[in-house]
Amino acid sequence: MKKHLNANCIFCDDIREEATGKLILIGVYSGQIVVPGPLEKGGLTVSQFIQIRGLSQGSHSFSLRMERYTDGALDGTSEIEGEFEVEDEDVDATVVAGNLKVHLKAESLLKAILTVEGYESQEIGSFRIVFDSEIASPDFD
């Protein structure tokens, strides 16, 4: 039987690392973000700051899947895979997953599903995308 995963996620535009090892989260998303839409060309690039509690020391493989729901129905996914190292099991593991491209033709709900090898998959966060043609159009490509 797989173990329960204890994780959470913060979504943002970008994550940068200082020389000291501190991370800077840029453009943190709340439960809803407004974009000029639809974003048929290029889409929206989303970064994720993930903290995971209770993992054993060592290397862990993971996959992060973003599910896009439009009108309540799953209509697209994007996925990345990678590995991270847990050096101290008494400290939350941090995973920075950046530059996951999500194409948006309609207002949508996005959900992040994390899978770590040996653990149950878990939804670790979600946010809604709302279009507003009146706002300035930044370069999302």
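Between the CG atom of N8 and the CG atom of D92 there is a distance of 8.0 Å, given to the nearest 0.5 Å. How far NZ of K3 is from CG of L5: 10.5 Å, rounded to the nearest 0.5 Å. In this structure, S63 OG and E81 CD are separated by 5.5 Å, a value rounded to the nearest 0.5 Å. Within the model, atoms CD1 of I10 and CG of L25 stand 6.0 Å from one another, a figure rounded to the nearest 0.5 Å. Here the OG1-CD distance, from T94 to Q51, works out to 4.5 Å after rounding to the nearest 0.5 Å. Note that OG of S126 and CD1 of I113 are 9.0 Å apart. Values are rounded to the nearest 0.5 Å.
Note: F127 and F11 have tilted aromatic rings, judged against thresholds of 30 and 60 degrees for the angle between ring planes.
A 4.5 Å side-chain heavy-atom check between I15 and I26 finds every atom pair outside the cut-off. K101 is not listed as a side-chain neighbour of L44, based on a closest heavy-atom distance of 4.5 Å or more. At a threshold of 4.5 Å between non-hydrogen side-chain atoms, the residues T77 and R68 do not count as touching. The side-chain heavy atoms of D132 and V35, taken from C-beta on, include no pair separated by under 4.5 Å. In this structure, the side chains of I33 and I129 come closer than 4.5 Å at one or more pairs of heavy atoms. The side-chain heavy atoms of H60 and F84, taken from C-beta on, include a pair separated by under 4.5 Å.
Under the 4.5 Å side-chain heavy-atom criterion for ILVMFWY residues, no single connected hydrophobic cluster contains both V46 and L109. Linking ILVMFWY residues whenever their side-chain heavy atoms come closer than 4.5 Å, directly or via other members, places V86 and I124 in the same cluster. Two different hydrophobic clusters hold V96 and L55 under the rule that ILVMFWY side chains link at heavy-atom gaps under 4.5 Å. In the hydrophobic clustering of this structure, V28 does not group with I50; members are Ile, Leu, Val, Met, Phe, Trp, Tyr whose side-chain heavy atoms approach within less than 4.5 Å, directly or through other members.
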Between F49 and V95, is a side chain to side chain contact (heavy atoms under 4.5 Å, CB included) present by the stated rule, with each step listed? CA-CA 6 Å; F49 173 81; V95 176; over 6 Å; no
Run the numbers on Y69 and D75 for side chain to side chain contact (heavy atoms under 4.5 Å, CB included), then give the verdict. CA-CA 6 Å; Y69 292 84; D75 71 348; 5.8 Å; no
Steps toward side chain to side chain contact (heavy atoms under 4.5 Å, CB included) verdict (E107, F131): CA-CA 6 Å; E107 293 183 348; F131 295 156; 3.7 Å; yes
Given the rule in the side chain to side chain contact (heavy atoms under 4.5 Å, CB included) test, do F62 and E117 qualify, once you have shown the distances and angles that lead to the verdict? CA-CA 6 Å; F62 77 94; E117 187 176 1; over 6 Å; no
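Between E18 and R16, none of the side-chain N atoms (NZ, or NE/NH1/NH2) sits under 4.0 Å from a carboxylate O, so this pair counts as no salt bridge.
No donor-acceptor pair closer than 3.5 Å links the side chain of E120 to the backbone N or O of H4. Judged by distance alone, with hydrogens and angles left aside, the side-chain atoms of E89 form a donor-acceptor pair with the main-chain N or O of Q57 at under 3.5 Å. For the pair Q122 (side chain) and L114 (backbone), a donor-acceptor distance under 3.5 Å is absent.
Looking at every heavy atom in both residues, D14 comes nearest to S47 through CA-OG, 3.7 Å.
Within a 6.0 Å radius of CD in E79, other residues, nucleotides and ligands contribute more than 12 heavy atoms. Within 6.0 Å of the CD atom in E87, the count of heavy atoms belonging to other residues, nucleotides or ligands does not exceed 12.
When the options V102, V130, T70, D71 are evaluated for a side chain to side chain contact (heavy atoms under 4.5 Å, CB included) with S108, the one that passes is T70.
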